[in-house]
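This report concerns only the one structure given below.
Lettering of chains follows the sequences in order, A, B, ..., and the numbering in each one begins at 1. Values reported hereafter were calculated over all heavy atoms of this structure, with side chains retained and with hydrogens, waters and symmetry mates removed.
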Amino acid sequence: MAIHCNPLLHQFILQLADNALVLGHRISEWCGHGPVLEQDIALANIALDHIGQARMYYQLAASFEDGATEDSYPYQRDVRGFRNLLLLEMENKDFGYTLTRSFFYDQFHYLLLEAIIQSDHKALKEIASQAIKEVRYHCRYSSDWMKRLGDGTEESHQRVQKAVDAFYMYTGEFFMPSAADEYMAAEFNINIESIKEKWLENIQAVLQESTLAMPQDTWFQKGGKTGVHTEKLGFLLAELQYIQRAYPNMNW
Amino acid sequence: MENSMADKFQQKIDDDIRIEPRDWMPEAYRKTLIRQISQHAHSEIVGMLPEGNWITRAPNLRRKVALLAKVQDEAGHGLYLYSACETLGVSRDELINQLHTGKAKYSSIFNYPTITWADIGTIGWLVDGAAIMNQVPLCRCSYGPYARAMVKVCKEESFHQRQGFEILLTLSKGTEAQRQMLQDSVNRWWWPSMMMFGPNDADSPHSAQSMAWKIKRFSNDELRQRFVDMCVDQAKILNVTLPDPDLKWNEERGHYDYGPIDWDEFWNVVKGNGPCNRDRIETRVNAYEKGAWVREAASAYAEKQASKKAIQVA
Ligand SMILES: [Fe+2]
Ligand SMILES: [Fe+2]
């Protein structure tokens, strides 16, 4: 099928879309299982925000491709086609891991959206301007919980520190530009490398307030942006795509 | 003294004056309300599980978002209802404990499994549909906080019902496999939905008192009849057969007649022998226990912050 825009722009849109979908999917797994009813509702809200954002990006991507719809990308590609960051496909494990995953990403996501809003790409700017209002809240939610868990009880401190130590190695990939990222930097002035410092500063401040230690000497994982994922994504997609695979080509 | 209070209380009820938390009320009225409202709250929360099942597997993004939003609404309903119940002097923790230990019940319908996508549509159509029949009259319930909670709840329930119906309508216009999925699902959910209105009036011991207190406005059988009449017409639009050979229009009564309900099954599911009773409670208990450290952390943090503030003020 023909793509009517630069393929690298298309890839970039799918990176954004897949990030939103995969994280939204993970967070939605909490629905009905939260630690307290209020947080069940809050997490569902956040999952809805992410999946809503995914739809906007997928619709934009589909508008550039013959015969594609918003559902083509989430339901009809296999693992190697997905462009999401590895961090976002990590399992929920417990509330601490879930919030740590969100915390690292939300802080990056906010800065990325700011960069997109200041860029020269009209359609992406529109989506980002809408999304950033939600992401501002996500940032507050996840940092508030980092503080509560980090500076809560002995047990919560240990648990969340473990999550920070486990997930930090997946954050390096945020700032390693893919071909699509390089294209967007050159053509539209969206430069992910330039937000790294601000991100580090922001997470260090929150971790410190949370009495949590910043991991040292980390070897960073990569692969999400080129579709080389962890073993976890295949299972996620098996669930996500189950109906479309079992009953292809039908309306639901 | 007690007697004149009771008379005054009943007079207020008869005059359709709402009872509010600070008003005097008979102990039996309070107990009945706690039992009913908490049962209702638990049903919302346990009801999240069979549907939550399908959030990660919804067939497209539009359905996924709608389902997630729906299940989130149910959590919100649980929250309003626990709050309404707390105005009667019982804590949410105590109520949750009653659910987890089996002391409190929840709607039996949620002890049936959702095994196909069509079940999500059928739950919306039949289960939310039956819930609306039961709940709309509760918006005029004599107890103020319950009545007000129900106004909010009912608005969302009717939205859920339309959404469920629309899922089924799409299946009915789909392929042969989809139409089969639809019919099979209606076959499985019809009778359990009919049971949602509770035992026949003759076997419903608390009903008369609840009617006198205006907690209940219509009898179980009256509400069930309305439900049947509504569903028969809607089933025609969906092109599905309701699995009751005795279902037919009765000119004289101006209603549809329907066949006997299997009360043996009903009471067994109530007693804990339904296909999912154990699973549902185990899942709830598990979520609660696994969340203990998070709740403890939040309150420890809040205490630390409060004492920091106190020091700053001093
Ligand atoms: Fe509800
Ligand atoms: Fe509902």
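Residues A:Arg159 and B:Glu296 are not paired through a salt bridge, judged by the lack of any N-O separation under 4.0 Å between the basic side chain and the carboxylate.
For CZ of B:Arg278, the number of neighbouring non-hydrogen atoms (other residues, nucleotides, ligands) closer than 6.0 Å is 12 at most. Other residues, nucleotides and ligands contribute more than 12 heavy atoms inside 6.0 Å of the NZ atom of A:Lys125. Remark: B:Lys236 NZ is packed, more than 12 non-hydrogen atoms of other residues, nucleotides or ligands lying under 6.0 Å away. For A:Arg245, the CZ atom counts as densely surrounded, since its 6.0 Å shell holds more than 12 non-hydrogen atoms of other residues, nucleotides or ligands. B:Glu282 CD: 12 or fewer foreign heavy atoms inside a 6.0 Å radius. The environment of OH in A:Tyr137 is crowded: more than 12 heavy-atom neighbours from other residues, nucleotides or ligands sit within 6.0 Å.
Heavy atoms closer than 4.5 Å to chain A are found in the side chain of B:Lys64, but not in its backbone. Using a 4.5 Å cut-off between heavy atoms, A:Tyr247 contacts chain B through its side chain alone, with no backbone atom that close. For a residue to count as touching a neighbouring chain, one of its non-hydrogen atoms must lie under 4.5 Å from one of that chain's; by this rule B:Ala292 does not touch chain A. The contact between A:Asp71 and chain B is made entirely by side chain atoms (from C-beta outward), counting heavy-atom distances below 4.5 Å. Interface residue B:Leu171: only side-chain heavy atoms are found under 4.5 Å from chain A. With a threshold of 4.5 angstrom between heavy atoms, A:Leu21 approaches chain B through side-chain atoms but not through N, CA, C or O. Interface residue A:Ala47: backbone and side-chain heavy atoms are both found under 4.5 Å from chain B. The part of B:Arg284 that comes within reach of chain A is its side chain, from C-beta onward, which places non-hydrogen atoms under 4.5 angstrom from that chain. When heavy atoms are compared at a cutoff of 4.5 Å, B:Ile96 does not approach chain A at all. Contact annotation for A:Trp145: only side-chain heavy atoms (C-beta onward) come within less than 4.5 Å of a heavy atom of chain B. With a threshold of 4.5 angstrom between heavy atoms, A:Gln244 approaches chain B through side-chain atoms but not through N, CA, C or O.
The backbone N or O of A:Ile41 sits less than 3.5 Å from a side-chain atom of B:Gln72, completing a donor-acceptor pair. A donor-acceptor pair is defined here as one N or O able to donate and one able to accept, closer than 3.5 Å; such a pair exists between the side chain of B:Arg295 and the backbone of A:Pro35.
Rounding to the nearest 0.5 Å gives a distance of 8.0 Å between CE of A:Met250 and CE of B:Met181. Going from atom CG of A:Leu37 over to atom CZ of B:Arg92 covers 5.5 Å, rounded to the nearest 0.5 Å. Interatomic distance, CD of A:Glu70 versus CG of B:Leu61, reported as 5.0 Å (0.5 Å rounding). Note that the CH2 atom of B:Trp54 and the SG atom of A:Cys31 stand 15.5 Å from one another [nearest 0.5 Å]. In this structure, the separation between OG1 on A:Thr69 and CG on B:Asn60 is 8.5 Å, given to the nearest 0.5 Å.
Residue with the most contacts toward chain A among B:Ile55, B:Val65, B:Asn53: B:Val65 (heavy-atom pairs, distance under 4.5 Å). Contact count against chain B (heavy-atom pairs under 4.5 Å) is highest for A:Asp151 among A:Asp151, A:Asn251, A:Asn249. Counting heavy-atom pairs closer than 4.5 Å to chain B, the top-ranked of the candidates A:Glu38, A:Glu29, A:Gln241 is A:Glu38. For the set A:Asp40, A:Asn45, A:Val36, A:Val160, the entry with the most heavy-atom pairs within less than 4.5 Å of chain B is A:Asn45. Chosen from A:Tyr75, A:Tyr242, A:Trp30, A:Tyr58, the residue pairing most often with chain B at heavy-atom distances under 4.5 Å is A:Tyr75. The choice from B:Lys173, B:Arg62, B:Met48 that makes the most heavy-atom pairs within less than 4.5 Å of chain A is B:Arg62. Counting heavy-atom pairs under 4.5 Å between each of A:Lys147, A:His157, A:Glu154, A:Arg55 and chain B puts A:Arg55 at the top. Most heavy-atom pairs under 4.5 Å with chain A, from the set B:Gly52, B:Gly121, B:Ala297, B:Ala58: that is B:Ala297. Contact tally against chain B (heavy-atom pairs below 4.5 Å) for A:Thr153, A:Leu48, A:Asp94, A:Ile51: the top residue is A:Leu48. Heavy-atom pairs under 4.5 Å with chain A peak, among B:Gly174, B:Ala177, B:Ala69, B:Gly78, at B:Ala69.
In this structure, A:His33 and B:Leu49 have side chains that are in contact, with non-hydrogen atoms separated by less than 4.5 Å. Residues B:Val294 and A:Gln39 fail the side-chain proximity criterion, which asks for heavy atoms closer than 4.5 Å. Counting only heavy atoms from C-beta outward, the side chains of B:Gln178 and A:Trp252 approach each other to under 4.5 Å.
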**Q.** Working for side chain to side chain contact (heavy atoms under 4.5 Å, CB included), residues B:Trp293 and A:Leu149
**A.** CA-CA 9 Å; B:Trp293 70 273; A:Leu149 298 179; 3.7 Å; yes
Q. Stepwise, does the side chain to side chain contact (heavy atoms under 4.5 Å, CB included) test hold for B:Thr56 with A:His25?
A. CA-CA 7 Å; B:Thr56 54; A:His25 180 104; 3.5 Å; yes
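Here the closest heavy-atom approach between residue B:Arg57 and residue A:Glu239 is recorded as CG-O, 3.4 Å. In plain terms, the two heavy atoms of A:Gly152 and B:Lys304 that are nearest each other are O-NZ, 3.1 Å.
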